[in-house]
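Report on one structure; see the data block that follows.
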Amino acid sequence: MIDLVWLIPVIMAGAALANGLGCRKLGKIAGYISVGAMITTFVISCMVFLQVRDITKAIPHHGGEHAAEQEAHHGRHGASMLAEYETLGHEQQEAIKAQYLFVRADPKAPKPYDTTVRGGLGGHVPLYEWINIPGVFRGDRPLTIEFAFHVDQLTSIFLMFISFVGSLVFIYATGYMKEGPHNTLDPGYARFFSYLALFAASMYTLILGANFVVMFIGWEGVGLCSYLLIGYYFDRQFSAKLSCADAGKKAFVANRVGDFGLMLGMFLLFWGLGTLDFQTIITMLSGDVSALPAGFGYNGAIITAATLLLFLGATGKSAQIPLFVWLPDAMAGPTPVSALIHAATMVTAGIYMLARLNVLYMLAPTTLVVVAVIGGATAFIAAFAGLTQRGIKKILAYSTVSQLGYMFLAMGVGSFAAGIFHVFTHAFFKACLFLAAGSLIHALHHEEDVFKMGGLAKKMKGTAFAYGFATLAIAGIVPFAGFFSKDEILYNVYTAAQGSNGGFYCALWLLGLLTALLTAFYMGRSFVLAFLGKTRLQEHPAHDAHQAEGEDAHDDHHHHAVAYSEVHESPLPIVGPIVILGILSLVVGWLNIPEGLLPLGDFNSLFHHFLAPVTDRGALLVAAQQYGYTGGAAPAGAIVVGEVLSNNALATNWHGPELILAIVSVAIGLVGLGFAFMLYGSGSLAKSECLARKPLLRNLWNISFSAWKWDDVYDAIFVRMMMTIYAIALWFDQNIVDGVVNGIGLLNRRIGIEFRRLQNGQVQVYGLVMFVGVCVVLLYFVLSLPQALGENRMTVTERTREILGSKNVSSITTKPVALPEQPPTTLAKH
Amino acid sequence: MTSLLQPNLILATLLFTIGILGVMWKRNAIALFMSVELMLNAANLAFVSFAHELGIMSGGILVLFVMTVAAAEAGVGLAIFIALFRARRHIRVDEHDTLHG
Amino acid sequence: METAAYVPAINLHGILPFISLLAGGMLCLAADAMSGKEGSRRILPVISFVALAAALVSFLLPGYPTGSFLENTFYSDSFSRLGCIVILVSAIATTLMGPRQVIRRNLPSGEYYTLIVFAALGMVLLALANEMLSAFVALEIMSLSLYVLTGIDRRSGKSAEASFKYFILGAFASAFFVFGSGFLFGSTRTTFLADAHNYFATRGGNMPEGAEMWAFIAFGLVFVGLCFKLSLAPFHMWAPDVYEGANTPTTLYIATGSKVAAFAFLIHFAHAFSSWQIFTAPVTFIVGLIAVASMTWGNIAAIVQSNLKRMLAYSSVAQTGYMMIAVMVLVALPSLQAAGNLNATTIANDTTLIYNAISLYLAGYTIISILAFGIAFHIGGEGSMAAYRGLFHRKPFAAVGMAIAMFSLSGLGFLPPTIGFIGKFYLFKEAVRFNMTGIAVIGILTSVIAAFYYLSLIVTMFMKAPDEENGIELAGRREERIAGLGGGDAIVRVMLATATALIFVLGLYPGLFTGLAAKAVTTKPMTTAMVKK
Amino acid sequence: MVLFLYSILFVITVALAVGVLLNKDTVRSAMCLVGVMMCLAANYLLMQQEFVAFIQIVVYAGAIMVLFLFVIMLLNLREVEVLPWYLRNARFWGGVLALLFFFVVGFGINVFRSSHGIPGVVAKEQALAESGTPEVIILATQMMTTYIVPFLLTSVLLLVAVIGAIVMARRRDEDGNEIVLDPEEVDA
């Protein structure tokens with residue numbers, strides 16, 4: 001099945017094409033096509049996943065029973081373990097080194113987890129050689145770019161949840177994209193599903209790509225589709241300032257900035273290593289260090305620069321500081337789009353890339369610090385902004401940014417698997433939240449303000465139930481998915497704080513805890529405001545509303561208040577996916593229960609064990625290098641060494657703090673939720689308004705509501721500052737550059753206008769110009785002939801003289817030259 | 001016998017040049033097209049004289065083809081002139097400059 | 001003679017496309033005569049489509065002959081065969097747009113489709129021709145059909161004027177072609193290019209004096225005639241006017257089919273001379289000069305255009321200029337080989353690579369043109385820019401398609417990669433590979449200039465508000481509505497979507513096309529054994 | 001003798017060609033062109049190409065030129081050409097370039113000094129010629145063998161020409177209505 005993985009993007013692209021072709025004619029079928037395609041890809045993804053799982057299981061563990069056992073019992077690797085290792089006594093360290101030497105001395109050392117090395121798993125799916133340039137760039141090194149996909153554990157996990165969540169979202173969209181009292185299809189129904197399918201195809205390409213270029217195709221495709229989808233209602237106004245089309249543009253531009261960084265990073269890597277293939281890069285970096293170009297070692301300058309640039313790309317796609325501004329405005333798209341973008345796709349791209357390149361990032365500790373800081377700061381800032389928002393989708397948008405911050409925080413401390421696990425759980429509960437919000441909005445006819453809702457739990461039981469589950473999950477309450485993933489991130493940050501730079505990581509940890517509190521609060525707030533307490537909707541429909549409905553039936557995006565008694569649960573295609581996702585936001589966390597909380601034997605840390613071959617490579621490599629490994633014959637040997645080191649380091653792992661930390665974070669979550677319930681539980685807004693009147697809180701409220709005035713800051717930076725720079729540049733331009741650069745542009749136009757004048761419509765002028773060309777061609781040919789003939793032939797003047805001098809020419813004969821045998825042209829064959 | 005190749009080629013070139021001049025100078029589309037015919041005739045002449053010089057008796061074959069093509073071109077071309085004349089009431093080539101720029 | 005009857009060696013498969021096209025054209029005429037106006041409007045597109053498709057299929061069938069066939073008159077190599085395929089694709093695109101065009105302007109459908117099919121016949125013949133007289137006749141079949149197709153809209157004075165200009169200049173250019181053929185005959189004693197090739201190969205270093213000069217003049221004159229068909233600067237002056245005046249399907253046809261045909265023949269023609277060593281340097285220079293002239297002139301003049309079809313005309317001038325880069329490399333190969341820069345064993349391989357680059361570029365150019373002209377046709381408006389203001393807000397798919405076409409034409413369609421980008425990339429790559437960095441740099445610089453007008457169209461479509469008065473009710477839409485033309489619409493849409501998909505598919509997987517070229521036996525390498533001077 | 005005849009012919013041909021160029025009256029131009037064609041026919045006769053000469057007169061001078069004259073008369077185009085000022089510049093440069101062209105090509109036309117040697121095919125033909133086979137038979141043989149393909153193609157060409165001429169010259173469309181310009185284009 002792995003070899004057929006290319007089917008996945010192709011199927012989606014086919015669906016996109018079919019829908020694009022059929023356009024309006026298809027009607028409902030458009031939705032079915034896309035949903036069908038998506039479910040098909042889900043099935044394929046499942047099969048791929050199962051196969052990958054079987055292969056992972058079948059790989060023999062190295063280092064005997066002991067190591068395998070240990071391996072099974074811990075879930076955490078990386079910098080945190082390295083930190084733990086530092087604390088070991090001298091004797092223990094020596095013992096580990098001895099073991100390391102032993103492993104290294106054994107030439108037949110098994111190659112565990114060689115699955116990620118090209119060919120090991122058969123996970124490399126080359127389709128064809130795409131670009132092959134023999135020895136033009138970088139001396140004689142050929143540039144070869146394969147169009148290839150790559151399947152490993154990381155990919156298969158991503159495939160699974162993207163296709164699953166995606167399928168549910170697609171199903172949901174078939175219900176959601178109907179409007180008005182008669183459930184008429186949205187006029188752009190087919191177009192919408194075409195975009196959606198294309199979006200999924202791009203996302204699949206992104207995660208399947210075996211090298212930067214293929215990944216970048218998907219990366220750009222996702223950007224393009226997000227532009228199209230966010231700007232889907234291009235004729236509507238999104239907010240006072242922005243139209244939906246503008247929101248699309250904003251997303252596009254912010255992403256372009258990031259892409260610029262990504263491209264520079266790519267070029268830098270290519271310049272240094274001469275390849276863009278992920279596995280080759282990773283193999284090279286984990287190979288002989290001395291063979292690498294300068295700047296590619298541990299904490300090398302180039303690798304740091306490249307990873308930073310790549311991270312800039314990730315901040316664009318995954319909405320981190322400084323490029324997160326587009327995400328809240330991405331709400332302008334239809335709700336299924338928001339769910340898709342925020343939960344399973346697009347924003348996870350940055351996380352994915354970091355995890356994919358964890359070897360690079362582990363080799364660049366400086367970058368990791370930046371990643372951690374950006375992640376932590378984004379998590380906090382976005383959570384703070386989420387506190388006071390009124391639009392339900394806005395709240396969710398900021399919560400996404402915040403959760404993404406968590407993920408980057410996890411990666412910043414070197415626990416990539418934890419980051420991925422949070423992506424995974426987040427995909428479920430965030431999709432659930434968005435879809436439930438969409439259900440609300442749908443039921444309330446485009447009312448998004450939570451202050452105008454309330455008491456809806458009675459009317460919309462399914463939605464409320466799912467939203468509640470997801471809220472508990474995101475708040476980190478104990479058996480729910482979010483608890484396991486978030487707690488693990490915090491735990492990893494905490495362990496990082498035990499090593500060097502403890503204070504710094506400790507601060508990050510505290511920030512994380514604070515964010516958790518805020519998260520619980522604002523999510524609780526949104527739930528309470530929307531579903532509990534007394535309703536703030538009108539109790540009964542007003543008369544004019546009835547009339548309006550009759551008259552404005554076609555005007556589907558027109559807001560008109562819905563009375564409480566009119567609200568009813570959304571239809572099955574909408575509620576079904578929500579409820580499924582709600583239940584899943586309870587259970588998916590159980591895939592990765594740490595032993596420290598609940599010893600379950602083999603069932604502990606399933607997720608991590610599965611991912612470890614990919615995500616822990618970097619950590620293992622660094623660990624190995626730290627203790628003298630400088631590369632050797634088998635790159636996999638390095639991994640073995642690191643593995644052994646880490647396992648030994650973990651032998652002393654103490655699970656004490658894990659439990660305590662878990663209790664702390666659950667407590668924090670409960671406090672946040674409780675506070676929200678206290679403040680808003682009654683259904684009236686009086687308490688909160690009362691609080692908001694206090695000066696300090698008022699100011700904070702302002703900061704939060706305006707999202708730290710981030711847009712204004714951008715205005716200041718990019719508009720005002722740029723205006724100043726522009727003024728200077730303008731002066732420079734007008735006075736100095738004008739003559740040169742602008743002049744060329746003007747010259748082009750000027751010449752263009754001259755050409756236009758020449759093209760005056762008179763056929764004879766055309767003939768004349770043509771004839772000029774004829775004369776030039778012939779003149780050149782005639783003049784170049786003597787030169788071409790060489791010196792031993794007559795010169796031009798001689799020739800001329802001879803022409804003029806000769807009269808009776810045909811009498812001069814030269815020796816006839818034997819003619820070649822040529823394919824007879826005529827009747828000679830008879 | 002004296003070879004007529006060189007003078008004939010000169011003559012052909014001269015006729016060809018005159019044809020080109022006609023294309024560039026004539027205002028009446030039909031007269032202009034007659035100049036093109038002159039050019040084709042010049043090509044014929046060159047071909048025949050080459051063939052004669054080379055002793056290839058069938059050199060006239062090109063003439064037949066060029067003639068056919070010329071006839072076909074004349075048919076279509078004159079029809080186009082008629083169509084243009086019907087549309088614009090004249091066929092002065094330099095005054096048809098609606099399409100320009 | 002020994003035998004009573006002369007039996008030419010006929011390869012039936014080789015002439016199958018000709019037969020199919022000829023039969024198609026005749027059937028069109030017959031069907032038109034037998035059915036009424038409405039009937040022929042329905043039947044003829046089908047007949048011509050079937051004929052063209054049959055011809056296309058017979059080219060694609062595995063057994064299509066390679067090498068000389070039909071009395072050495074034609075030479076089929078992978079490049080010319082791919083050229084034929086491209087030509088037929090463009091002819092099919094033209095046919096598919098036919099029904100709407102016929103209704104829009106109330107054209108005589110019988111002649112319209114017949115001429116499309118016959119023009120395709122002429123193009124295919126020209127692309128395969130390896131003999132000057134056949135080439136000339138084929139060129140004229142193609143040209144006459146296109147002159148008439150250009151002027152077939154008798155209700156439009158512009159159409160008549162365009163036809164008139166095309167005809168005058170075309171006849172002028174073919175006179176050069178004939179004169180050149182005469183000189184080729186004079187210097188090599190044959191009108192068969194294979195024989196000429198042999199002649200140059202064996203006697204190239206020891207030609208009778210005078211014959212050398214005639215050969216030079218012959219090449220110059222024929223080359224000029226072909227440059228006209230290829231609309232290379234400065235022989236392109238007709239192109240903008242004709243593109244503007246002709247109906248859009250015909251414009252597409254002229255811009256793609258006739259160019260590809262002339263290009264394929266140019267390759268055959270240049271190949272005849274390629275065995276003549278002293279010839280390569282001047283030709284390389286002239287071809288390079290014309291390439292540079294076309295790239296700069298085309299792109300710069302396109303900037304100031306206010307009519308889309310004119311803009312595309314200039315852009316196509318520039319695009320052909322880019323193609324000439326590859327021709328330049330191709331003709332320079334033997335001299336590079338002679339200078340010891342290349343080794344003889346790799347030269348066939350190198351030639352194949354260059355042919356691949358050209359065929360990819362040609363195919364890409366054709367597909368993109370089909371998309372661009374097809375959308376211009378689809379939305380109506382005949383090229384006026386007013387129709388494109390804020391197009392995204394009225395017809396998002398059309399606008400996105402046009403944007404893709406523009407991105408692709410500009411070669412900016414970097415990621416996701418489009419055929420336009422890959423095509424240019426391969427061309428420049430070949431130029432750089434053979435140390436012709438200068439012309440590649442000029443190519444890239446002019447592409448940058450070109451990006452300006454391509455992008456400004458995109459800005460017009462996406463950023464500007466629609467011009468309600470001029471933009472909405474476009475030319476010809478009313479007639480179509482009256483005729484209740486739904487079916488034609490869908491077909492055109494399918495065609496456009498296919499073109500869009502192909503732009504990306506071939507961009508992602510150029511091997512799909514070049515692989516076809518590689519499979520199709522060997523392309524003639526542009527060299528043979530040299531005769532020492 | 002031949003050379004003398006030829007010289008006269010040369011002068012007359014050029015004079016008539018110049019007449020085609022300079023005559024302001026289109027009909028006179030056409031008559032001059034007919035004269036040029038006659039002269040060329042005479043030239044062919046000097047080269048023993050009797051059949052070609054005959055065809056030249058019958059088809060070219062006879063048929064094609066009559067077509068020209070017919071159209072001139074049909075459209076009543078016997079107007080005197082007066083060159084507008086804006087064409088003069090182009091005319092001047094056209095003249096200069098034509099001169100250049102003539103010298104370039106004229107220079108290129110060198111003496112033909114070597115006997116080429118006749119390739120097998122042609123040798124056979126020459127043998128035919130020497131055996132007294134009439135030129136027309138040689139032509140016909142070639143037409144039916146070597147050049148059979150272009151010969152067949154001319155039929156298609158003529159068919160295309162007929163179709164084209166009918167389309168472009170007809171007065172009424174398929175419905176029998178007079179073809180008139182679109183209203184918005186009448187002014188143009």
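Residue numbering restarts at 1 for every chain, and letters A, B, ... go by the order of the sequence lines. This is a predicted model, so every value here is computed, not measured.
Only the side chain of C:Phe183 comes within less than 4.5 Å of a heavy atom of chain D; its backbone N, CA, C and O stay farther away. Heavy atoms closer than 4.5 Å to chain D are found in the side chain of C:Leu22, but not in its backbone. Interface remark: C:Ile217 contributes side-chain atoms only to the contact with chain D (heavy atom separation under 4.5 Å). For C:Thr73, the part lying under 4.5 angstrom from a heavy atom of chain D is the side chain only. For chain D, the nearby part of C:Ser163 is the side chain; its heavy atoms alone come within less than 4.5 Å. Contact of C:Glu131 with chain D is made through the side chain alone, with heavy-atom distances under 4.5 Å. With a 4.5 angstrom heavy-atom cutoff, C:Met26 touches chain D only via side-chain atoms. Residue D:Val180 touches chain C through its backbone alone, counting heavy-atom pairs closer than 4.5 Å.
Salt-bridge check for C:Asp153 with C:Arg104: failed, with every basic side-chain N at 4.0 Å or more from each acidic carboxylate O.
Options D:Leu152, D:Val160, D:Asp173 differ in how many heavy-atom pairs under 4.5 Å they form with chain C, and the most are formed by D:Val160. Looking only at heavy-atom pairs under 4.5 Å with chain D, the residue among C:Asn106, C:Leu133, C:Ile152, C:Leu221 that has the most is C:Leu133. Chain D forms the most heavy-atom pairs under 4.5 Å with one residue out of C:Leu107, C:Thr114, C:Thr191, and that residue is C:Thr191. The residue among C:Gly36, C:Ala160, C:Ala119, C:Ser145 with the most heavy atom pairs within less than 4.5 Å of chain D is C:Ser145.
Between C:Phe176 and D:Phe101, the ring planes lie perpendicular to each other; the angle is over 60°, past the 30° to 60° tilted range.
For C:Phe18, the CZ atom is densely surrounded, since the number of other residues' heavy atoms within 6.0 Å is greater than 12. Counting non-hydrogen atoms of other residues, nucleotides and ligands closer than 6.0 Å to CE of D:Met143 gives a total above 12.
By the 4.5 Å heavy-atom criterion applied to side chains, C:Ile116 and C:Ser48 are not counted as neighbours. Proximity of C:Arg42 to C:Ser35: side-chain heavy atoms (C-beta onward) are nowhere separated by under 4.5 Å.
Between the CG atom of C:Leu115 and the OH atom of C:Tyr147 there is a distance of 13.5 Å, given to the nearest 0.5 Å.
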Criterion side chain to side chain contact (heavy atoms under 4.5 Å, CB included) on C:Val222 and C:Leu184, from CA distance to verdict: CA-CA 9 Å; C:Val222 174; C:Leu184 185 70; 5.8 Å; no
